[in-house]
Amino acid sequence: MSFTMNQLPIFQQIEHSQNILIAGAGGGFDIFCGLPLYFNLINQGKSVTLANFSFTWLSETTAPMIYPYCYEIRSSDMDLSGRNYFPEKYLKLWLGLQKGQQVDIYAFDRIGAKPLKDAYKYLIKKHEIDTILLVDGGTDSLMFGDESGLGTPQEDVCSMAAVYRSGVKNQFLLSIGFGVDHYHGVSHFRFLENVATLSKNGGYLGAFTLTSQMEEAQKYIKAVEYANSQMRGMESIVSNSIISAIEGNYGNYHRINRTNGSSLWINPLMCMYWCFDLKKVVQEIKYYELIKDVDTIGEFNGRLAKYRASVENYRKNKQIPI
């Protein structure tokens with residue numbers, strides 16, 4: 001497929017999509033990172049459903065499990081665990097407070113690629129999904145496996161493997177938050193190297209930036225601020241870093257108390273969505289065949305450790321040479 005300069009490749013790719021699932025790939029608040037996409041797509045007249053690989057203890061909430069490991073989230077649901085960690089519920093509640101914003105939201109338990117694939121297939125059938133946009137808050141989803149530092153790939157890679165094998169026609173990965181995963185040992189030199197690799201096989205679909213003047217970005221900021229007010233002490237470091245950058249802050253800027261004592265690099269590149277053909281990303285993951293059928297995160301960790309022990313020469317972390 002060829003692209004034109006006056007249109008973003010990712011939006012050209014999904015121009016004819018009608019029923020889109022935007023899903024958070026890496027747990028926690030990743031679904032919030034998909035909100036600017038959500039608002040843009042519904043303004044185009046698309047039907048959009050939301051889902052999230054969850055860190056919430058879903059079995060200890062009042063949300064109904066509608067399929068194994070898959071829960072439907074309602075604004076009235078409660079967290080009975082005492083943790084007050086339920087970003088999906090607060091997103092549902094905030095969206096319900098917005099005029100005309102009634103959207104189906106689902107959450108997946110922290111499970112392995114095989115049962116997660118089945119849960120995705122259930123949602124694909126239920127909502128006649130033709131396109132999935134998997135969103136990663138951070139950049140560790142682009143680690144292929146032979147880098148010195150992988151960040152926290154468990155949730156991202158299980159989500160990617162599940163969507164890859166779900167049978168959905170159109171599947172894409174979008175990453176936002178460049179620089180956030182430095183804290184987790186991710187080399188952004190290697191991230192850019194991997195983007196270059198994907199450029200060679202047509203897997204890289206370009207990048208675009210959120211700015212403070214965009215309505216979609218303004219709504220994303222308001223949604224995160226609402227979640228902050230409801231989950232004090234459990235706020236999203238990634239999303240608060242991204243919106244700090246959208247608002248023009250730079251360097252060691254701390255929006256929330258959770259990051260006090262650490263050194264941050266808030267920067268304009270954090271506002272960029274990096275867009276990829278998910279199928280071509282998965283084909284570059286060196287250990288994909290080992291983990292594609294795992295049932296649990298523990299099993300994933302064991303398979304990943306087996307692969308890592310077999311790697312003779314890791315691609316060492318390097319600083320960007322500028």
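Numbers for residues simply follow the sequence, beginning at 1.
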State, yes or no, whether a side-chain contact exists between [X] and [Y] at a heavy-atom distance under 4.5 Å.
X: R190; Y: V186; value: no
X: I242; Y: V224; value: no
X: I176; Y: W274; value: no
X: N317; Y: F189; value: no
X: V135; Y: I31; value: no
X: F86; Y: M231; value: no
X: P68; Y: P115; value: no
X: Q230; Y: W94; value: no

Can [Y] be reached from [X] by stepping across I, L, V, M, F, W or Y side chains whose heavy atoms are under 4.5 Å apart?
X: I285; Y: Y307; result: yes
X: V311; Y: L142; result: yes
X: Y38; Y: L93; result: yes
X: I14; Y: F3; result: yes
X: Y71; Y: W57; result: no

Do [X] and [Y] have side-chain N/O donor and acceptor atoms under 3.5 Å apart?
X: T197; Y: Y204; result: no
X: N170; Y: T131; result: yes
X: S141; Y: D136; result: yes
X: E147; Y: N194; result: yes
X: S81; Y: D79; result: yes

Centre-to-centre under 6.0 Å for [X] and [Y], is that the case here?
X: F178; Y: F191; result: yes
X: F144; Y: Y287; result: no
X: H127; Y: Y106; result: yes

Donor-acceptor contact below 3.5 Å, side chain [X] vs main chain [Y]:
X: N240; Y: I237; answer: no
X: E299; Y: D295; answer: yes
X: D181; Y: D140; answer: yes
X: K46; Y: S17; answer: yes

For this session: Calculate, to the nearest 0.5 Å, the distance between atoms CD1 and OG1 belonging to I73 and T62 respectively.
Result: 8.5 Å
Would you call [X]-[Y] a salt bridge at under 4.0 Å N-O?
X: R315; Y: D146; value: yes
X: K280; Y: E284; value: no
X: K222; Y: E225; value: no
X: K125; Y: E128; value: no
X: K92; Y: E88; value: no
X: E235; Y: R255; value: no

For this session: Test S239 against Y220 for side-chain hydrogen bond (donor to acceptor under 3.5 Å, both in side chains), laying out the working first.
Result: CA-CA 9 Å; S239 276; Y220 171 42; 2.9 Å; yes
Problem set entry | salt bridge (charged side-chain N to carboxylate O under 4.0 Å, His left out) evaluation trace for D293 with R303 | CA-CA 11 Å; D293 284 318; R303 300 283 183 90; over 6 Å; no
Exercise. I22 pairs by side chain to side chain contact (heavy atoms under 4.5 Å, CB included) with which of L41, N52, T49?
Worked result: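 For I22, the side chain to side chain contact (heavy atoms under 4.5 Å, CB included) check succeeds only for L41.
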For this session: Only counting residues at least two apart or in another chain, list the ones meeting ring pair (Phe, Tyr, Trp, His ring centres under 6.0 Å) with H254.
Result: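 With sequence neighbours excluded, H254 shows a ring pair (Phe, Tyr, Trp, His ring centres under 6.0 Å) to no residue whatsoever.
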For this session: Determine, step by step, whether K279 and Y164 satisfy the side chain to side chain contact (heavy atoms under 4.5 Å, CB included) criterion, reporting the C-alpha distance in whole Å, the side-chain angles of both residues, the deciding distance to 0.1 Å, and the verdict.
Result: CA-CA 6 Å; K279 295 176 182 178; Y164 181 64; 3.9 Å; yes
Exercise. Going through the checks in order, is the ring pair (Phe, Tyr, Trp, His ring centres under 6.0 Å) test met by F11 and F208?
Worked result: CA-CA 11 Å; F11 286 103; F208 64 96; 5.7 Å; yes
Exercise. Using 30° and 60° as the class limits, which term best fits the ring planes of Y120 and F108: parallel, tilted or perpendicular?
Worked result: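 Rings of Y120 and F108: tilted, 30 to 60°.
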For this session: Sequence neighbours left out, what pairs pass salt bridge (charged side-chain N to carboxylate O under 4.0 Å, His left out) with at least one residue falling in residues 103-119?
Result: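 Qualifying pairs, neighbours excluded: R110-E155.
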